Each structure stands twice: as structure tokens, then as C-alpha cells.
Amino acid sequence: PMFLTVMAGEDMSSFGQAGGDMVSYEMEIMTLAKEKDLSIGGLETAAYQMSMFDSIPYDVQAKMLVDAIDGKGESGAGEFDELVKLYKTQNIRAMVNLMGEDPEGLGKYENLLLANRNKNWIPVMAEMMLKQPTFFAVGAGHLAGKEGVVTLLREEGYEVKPLYQ
């Protein structure tokens, strides 16, 4: 139900360009890497990601899906636009605050979906960085906070700086 909720809750044309084709930062980064013949890897497996959703009770997932279809999540498009704006201005603290405002949603599963994964990623990132210079792209929700990737990497002694375009 989680995957259907994402599709049902968003106006898919808002993700795209004039033609309505869905575009994501993830796909754009992957396209750029392929064009430059750079290798692409991951911090966890797809099977692990799927297992996390299995840890969220189906009744909770089903309620979120029904709410998305009924339009109760209608603020979703406006919230998505605000998240994109905050992301582009690199205001990750405000992004995390905005994402955590929905007590009925995934907020109570933040440890499962964000904090635990962030902690698991740090040793994987360290190992990858030892082998070669590495670019990591993670979802915006993983960046900020006491248990965000930026803080965790800094606690391990890494220098983390934003890139500006």
C-alpha cells in the first residue's frame, strides 16, 4: 500500500516538465553518472527497503492509501512544492520539520525509515570512501537532525559541506 499511496497522493504532472513526464532528482543523478560512465552503487538492497515497509502495519498503510485517494492528503501537492523549495535553498532543518508535522502519517516510524538506516549507512559510506572518492545522494529526509547523515558523518570526523550551483 505504501507505493500506491505515493502515486495516489501526488499530482503526477507536478513532478514533470511541460509534457508531464515524471522527473526525479534520483533519475537525473543516475543519468548524469551513466553519461560520464561512472559506477553506481547503493547503501542498502531493494529487499531491505521492502522489508521496512513490511514492518509498518498494513492497516496503517491502508489508511494512508484511502486518505490519499479521498483527497485528505490534498495539501500534499502544496507540501511537496514547499519541500522542493526548502531542498533547493538547502534549508534541510525546515524540511525535516515540515515532514514531521503529520502525526497520523509516517512520523511514528521515523526511527525505522530514517534514523536506523542513517546509522547503518555510515560504516558502509566509510568503507566506500576509503576505496575512492565517492558521491552520495540520499533522500532529503535523511540529511538533517541529530540522527541525520550529515551529523553522523561529522561525528565520525568527516568534513561535510554543501555544494552550491
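Bear in mind the structure is a predicted one, so any value in this text is a computation, not a measurement.
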Residue list, side chain to side chain donor-acceptor pair (under 3.5 Å) with Q49, at least two apart or on another chain:
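If we apply the side chain to side chain donor-acceptor pair (under 3.5 Å) test to Q49, skipping adjacent residues, the hits are E44.
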
Taking all non-hydrogen atoms of both residues, which atom of L114 and which atom of G141 are closest, and how far apart?
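So the two residues come closest at CD1-O, 3.6 Å.
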
Quick one: closest heavy-atom pair of M128 and G42, and the distance?
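Closest pair (atom of M128, atom of G42, distance): CE-O, 3.8 Å.
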
Set of residues satisfying side chain to side chain contact (heavy atoms under 4.5 Å, CB included) with respect to T45, sequence neighbours excluded
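T45 satisfies side chain to side chain contact (heavy atoms under 4.5 Å, CB included) with A47, Y48 only.
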
Do L86 and E82 have side-chain heavy atoms sitting under 4.5 Å apart?
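Touching, per the 4.5 Å side-chain cut-off.
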
Considering residues at least two apart in sequence or located in another chain, which fulfil the side chain to side chain donor-acceptor pair (under 3.5 Å) criterion with D54?
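Side chain to side chain donor-acceptor pair (under 3.5 Å) check on D54 returns Y58.
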
Separation between CG of N118 and CG of L152, rounded to the nearest 0.5 Å
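Taking CG in N118 and CG in L152, the distance rounds to 6.0 Å.
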
What residues, two or more places apart in sequence or in another chain, satisfy side chain to side chain contact (heavy atoms under 4.5 Å, CB included) together with K161?
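By the side chain to side chain contact (heavy atoms under 4.5 Å, CB included) rule, K161 matches E159.
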
Applying salt bridge (charged side-chain N to carboxylate O under 4.0 Å, His left out), can you list everything that pairs with K36, at least two apart in sequence or on another chain?
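So K36 forms no salt bridge (charged side-chain N to carboxylate O under 4.0 Å, His left out) with any residue.
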
Per the side chain to side chain donor-acceptor pair (under 3.5 Å) rule, what does the pair list look like for residues 147-157, sequence neighbours excluded?
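Checked against side chain to side chain donor-acceptor pair (under 3.5 Å) - neighbours excluded - the pairs reaching residues 147-157 are K119-E147.
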
M129 vs L153 side-chain heavy atoms within contact, under 4.5 Å
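In short, these two side chains touch, coming nearer than 4.5 Å.
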
L32, V138: one ILVMFWY side-chain cluster at the under-4.5 Å cut-off?
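As far as the 4.5 Å side-chain criterion goes, V138 and L32 are not connected within one cluster.
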
With a cutoff of under 4.5 Å between side-chain heavy atoms, which Ile, Leu, Val, Met, Phe, Trp and Tyr residues group with F135?
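Members besides F135, by chain and number: I29.
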
Interatomic distance, E28 atom CD to T31 atom OG1 [nearest 0.5 angstrom]
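E28 CD to T31 OG1: 5.5 Å, rounded to 0.5 Å.
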
Pairing residues for I40 by the side chain to side chain contact (heavy atoms under 4.5 Å, CB included) criterion, not counting sequence neighbours:
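Residues passing side chain to side chain contact (heavy atoms under 4.5 Å, CB included) with I40: M30, A33, K34.
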
Any heavy-atom pair between the side chains of V149 and M125 that's under 4.5 Å?
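Yes, their side chains come closer than 4.5 Å.
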
Listed partners of E127 passing side chain to side chain contact (heavy atoms under 4.5 Å, CB included), at least two apart
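By the side chain to side chain contact (heavy atoms under 4.5 Å, CB included) rule, E127 matches K131.
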
